[in-house]
Asks: 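So that we are looking at the same thing, I have put the structure below in C-alpha cells.
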Amino acid sequence: VMKKLLLVLFFSPLVSLSQGLIPISKEEYNKIPSAKTDNTFGFTESSTPSSYSLEKYVPTVISQYSSNACTGFSILYYGLSTQYNSMLSITDPVDKIGHSFDPYFAYSIINDNASKSRDKCDATNTMIAVLDILKSKGAKKQFYSPHMECYTSSNLLNSNIEKYINPYSIDSYNKIPSLGSDIAVNQTKRIINDNKPVMFAMITTKSLRGVKINGDYSPTSLELSHIKKTLSNWHEKKLTENEIEIFKNEHMPHALTIVGYDDNKYGGSFRVVNSWGEQWGDGGYFWFKYKDFKFLTLGAYTLNLSSKIK
C-alpha cells in the first residue's frame, strides 16, 4: 500500500495541512537515480557494522516553530551541515553552529512563490523543491547576511550573494530505493556508514508528539492499522474530501534527518534528529524502528556534495 501511495508531502507538524498539498508520485520518485555506496570499508550487507553514528557532526538542535519549513531544516540545516562537518571533521559545538546552513534559505524562495500570506510561513512544499534549489543555486550559511526567518522575502538574496552560495550547490541527489523493504533499510545503513545523513519524509502519528527522554518512538497498532486502512481506501478512491482532510491533519507528513543507526536498539532503529527543539524527545532526537521506517517512510534522499569543494 505504501509503495502505491508514494505521496511525498512535507509539512510542519504544527500547522494545518489543508492548504496547497503538493504530492510527488511514485513514478516521479522512481525517476530519481538510486543512491550508491562507495564501499570504502568493504562492507557487505552481512558485514555492515551493527551501529554507526554521525551525531557528533550534527549542529545544535533547533526548532522550526510554527513554520512549514521542515524540509529546509531536514535538508539544509541538518543534512547539508552534518555532511560537510563530517567531511571537514568539525565537531566543536561552536564551530558546528558557525558552519551550519540556513534552514530558511530555500524556504524563503518557495514561500515567496507559493504562500498566500508570506508572514504566515504557510507555503507547503516538497523535498524535491528544496533539493532542486540546493542543486541549482546552492546554500547560504546561517550567519551570513542577510539574516533570514521563515517569512523573509527572497528578494533580499541579491546577485552579490550568488558567488558565496553557489559553491555550496550539490552535484546531484539520489533516492533510497525499494521503500517499504529491507533493501531500503540496509541501503540507508550503508549510506550512513559512508558518512552521509539521509533526509526523509514520514507519515506522523500522535505518538510522535509524545516521544519521551529515552527517544523511543512507538506508534500504536491502532494508529498503524488506521493508516493502512485509510491509505488503502484513499488509493481506491473510497474517501470523501472531508475524510481526506481529516486524515491529513491526523497524520501530517514531516521531513527529518537520519544520522545514525543501531541494530540492537529497540530491535533495530535509526537515530533521527527532529526540528521540534531540544525539549522534545531525547534532546531533539528519537529512535525510529526499522519496521516503522519501512511502513511510514514516504521518500528518502542523499546528497552528493560539489566535486569542487575539497
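Positions are given from 1, in the same order as the sequence printed here.
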Asks: Looking at Phe288, is its backbone amide N or carbonyl O close enough to the side chain of Asp292 to form a donor-acceptor pair, meaning the two atoms are under 3.5 Å apart?
Replies: no

Asks: Do the side chains of Phe295 and Val211 join up, straight or via other hydrophobic residues, at under 4.5 Å, putting them in one cluster?
Replies: yes

Asks: So does Gln279 have more than 12 non-hydrogen atoms from other groups sitting under 6.0 Å from CD?
Replies: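 Incorrect, the count does not exceed 12.
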
Asks: Does Phe293 have its ring centroid less than 6.0 Å away from the ring centroid of Phe270?
Replies: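 Yes - the distance between ring centres of Phe293 and Phe270 falls below the 6.0 Å cut-off.
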
Asks: Step by step, would you call Ser232 with Lys228 a side-chain contact (heavy atoms from CB on, under 4.5 Å)?
Replies: CA-CA 6 Å; Ser232 177; Lys228 182 176 181 179; 5.8 Å; no

Asks: Flag the pair Lys137 and Asp132 as a salt bridge only when some basic side-chain nitrogen lies within less than 4.0 angstrom of an acidic carboxylate oxygen.
Replies: no

Asks: Quick check on the hydrophobic clustering: are Trp287 and Val272 connected, directly or via other members, by side-chain heavy-atom contacts under 4.5 Å?
Replies: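 Different clusters.
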
Asks: For Asn68 and Asn125, test the side chains for any donor-to-acceptor distance below 3.5 angstrom and give the result as yes or no.
Replies: no

Asks: Among Asp262, Asn195, Asn193, whose side-chain hydrogen bond (donor to acceptor under 3.5 Å, both in side chains) with Tyr52 holds?
Replies: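 For Tyr52, the side-chain hydrogen bond (donor to acceptor under 3.5 Å, both in side chains) test succeeds with only one of Asp262, Asn195, Asn193, which is Asn195.
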
Asks: Looking at Glu223 and Lys206, is any side-chain nitrogen of the basic one under 4.0 Å from a carboxylate oxygen of the acidic one?
Replies: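 Looking at Lys206 and Glu223, the cut-off is not met.
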
Asks: What verdict does the side chain to side chain donor-acceptor pair (under 3.5 Å) test give for Thr205 and Tyr217, after you've listed the backbone C-alpha separation in whole Å, the side-chain angles of each residue and the deciding distance to 0.1 Å?
Replies: CA-CA 10 Å; Thr205 66; Tyr217 169 47; 2.8 Å; yes

Asks: Ignoring hydrogens and angles, tell me if any N or O in the side chain of Thr230 forms a donor-acceptor pair with the backbone of His226 under 3.5 Å.
Replies: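 Yes; at least one donor-acceptor contact below 3.5 Å.
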
Asks: Consider only side-chain heavy atoms of I, L, V, M, F, W and Y, link residues closer than 4.5 Å, and tell whether Ile62 and Phe105 are in one cluster.
Replies: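 Ile62 clusters together with Phe105.
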
Asks: Any chance the side chains of Thr82 and Lys196 put a donor and an acceptor closer than 3.5 Å?
Replies: no

Asks: NZ of Lys56: more than 12 outside heavy atoms within 6.0 angstrom?
Replies: no

Asks: Between Ser178 (side chain only) and Ser181 (backbone N and O only), is there a donor and an acceptor less than 3.5 Å apart?
Replies: no

Asks: What I want to check is whether the side chains of Tyr77 and Ser275 have a donor and an acceptor closer together than 3.5 Å.
Replies: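 Note: Tyr77 and Ser275 side chains miss the donor-acceptor criterion.
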
Asks: Decide salt bridge (charged side-chain N to carboxylate O under 4.0 Å, His left out) for Asp263 and Lys189; before the verdict, give the C-alpha distance in whole Å, the side-chain angles of both, and the deciding distance to 0.1 Å.
Replies: CA-CA 10 Å; Asp263 291 342; Lys189 289 166 60 178; 3.0 Å; yes

Asks: Using modelled atom types and a 3.5 Å cut-off, is there a donor and acceptor pairing between side-chain atoms of Lys96 and backbone atoms of Val58?
Replies: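 Yes: the side chain of Lys96 pairs with the backbone of Val58.
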
Asks: So, for Phe200 and Met127, which heavy atoms are closest and what is the spacing to 0.1 Å?
Replies: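 Taking every non-hydrogen atom into account, O-CE, 3.8 Å.
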
Asks: Closer than 3.5 angstrom, by distance alone: can the side chain of Glu55 be matched with the main-chain N or O of Val259 as a donor-acceptor pair?
Replies: no

Asks: Looking only at the aromatic ring of each residue, does the gap between the centers of Phe101 and Phe143 stay below 6.0 angstrom?
Replies: no

Asks: Mind listing the closest non-hydrogen atom pair of Gln64 and Ala69 along with its distance?
Replies: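 Residues Gln64 and Ala69, closest heavy atoms: NE2-N, 4.2 Å.
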
Asks: Any salt bridge between Asp182 and Lys294, counting N to O under 4.0 Å?
Replies: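 Yes.
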
Asks: Would you please say whether a donor-acceptor pair under 3.5 Å links the side chains of Asn242 and Thr240?
Replies: no

Asks: Are any of the side-chain heavy atoms of Ile32 and Ile128 separated by less than 4.5 Å?
Replies: yes

Asks: When rounded to the nearest 0.5 angstrom, what is the spacing between OH in Tyr173 and OG1 in Thr302?
Replies: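 Those atoms lie 11.0 Å apart.
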
Asks: Apply side-chain contact (heavy atoms from CB on, under 4.5 Å) to Ile258 and Val273, showing your working.
Replies: CA-CA 6 Å; Ile258 297 173; Val273 59; over 6 Å; no

Asks: Any ion pair linking Lys36 and Asp194 (charged N to carboxylate O, less than 4.0 Å)?
Replies: no

Asks: Tell me whether Ile97 is reachable from Leu76 by hopping between hydrophobic residues (I, L, V, M, F, W, Y) whose side-chain heavy atoms are closer than 4.5 Å.
Replies: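 No, Leu76 and Ile97 fall in different hydrophobic clusters.
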
Asks: Can you list the steps and then say if Val61 with Trp276 is a side-chain contact (heavy atoms from CB on, under 4.5 Å)?
Replies: CA-CA 8 Å; Val61 171; Trp276 293 353; over 6 Å; no

Asks: Might you point out which heavy atoms bring Tyr168 and Leu134 nearest each other, and give the distance in Å?
Replies: O-CD1, 3.7 Å

Asks: Are the side chain of Asp282 and the backbone N or O of Tyr285 linked by a donor-acceptor pair below 3.5 Å?
Replies: no

Asks: Is it true that a side-chain atom of Ser154 and a backbone atom of Ile109 form a donor plus acceptor pair closer than 3.5 Å?
Replies: no

Asks: Of all heavy-atom pairs between Ala35 and Ile191, which one has the smallest distance, and what is that distance?
Replies: CB-CD1, 3.9 Å

Asks: Taking all non-hydrogen atoms of both residues into account, name the closest pair between Ala184 and Pro177 and its distance.
Replies: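 Minimum heavy-atom contact is CB-O, 3.4 Å.
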
Asks: Closest heavy-atom contact between Pro59 and Ser100?
Replies: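 Closest approach of Pro59 to Ser100, heavy atoms only: CB-CB, 4.2 Å.
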
Asks: Would you kindly say whether Asn30 and Lys175 are connected by a side-chain donor-acceptor distance under 3.5 Å?
Replies: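 Side-chain D/A pair, Asn30 to Lys175: absent.
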
Asks: Is it true that Asn274 and His254 share a donor-acceptor pair across their side chains at a distance under 3.5 Å?
Replies: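 A donor-acceptor contact under 3.5 Å links the two side chains.
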
Asks: Assign the ring pair Phe73 / Tyr78 to parallel, tilted or perpendicular, where the plane angle (0 to 90°) is split at 30° and 60°.
Replies: tilted

Asks: Rounded to the nearest 0.5 Å, what separates atom CD in Gln187 from atom CZ in Arg190?
Replies: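 CZ of Arg190 is found 5.0 Å from CD of Gln187.
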
Asks: Can Ser34 and Asn174 be said to form a side chain to side chain donor-acceptor pair (under 3.5 Å), step by step?
Replies: CA-CA 5 Å; Ser34 295; Asn174 298 112; over 6 Å; no

Asks: Applying salt bridge (charged side-chain N to carboxylate O under 4.0 Å, His left out), run through Lys135 and Asp171 and close with a yes or a no.
Replies: CA-CA 6 Å; Lys135 182 179 178 181; Asp171 284 344; over 6 Å; no

Asks: Could you walk me through whether Ile161 and Tyr144 pass side-chain contact (heavy atoms from CB on, under 4.5 Å), step by step?
Replies: CA-CA 9 Å; Ile161 200 175; Tyr144 189 87; 3.7 Å; yes

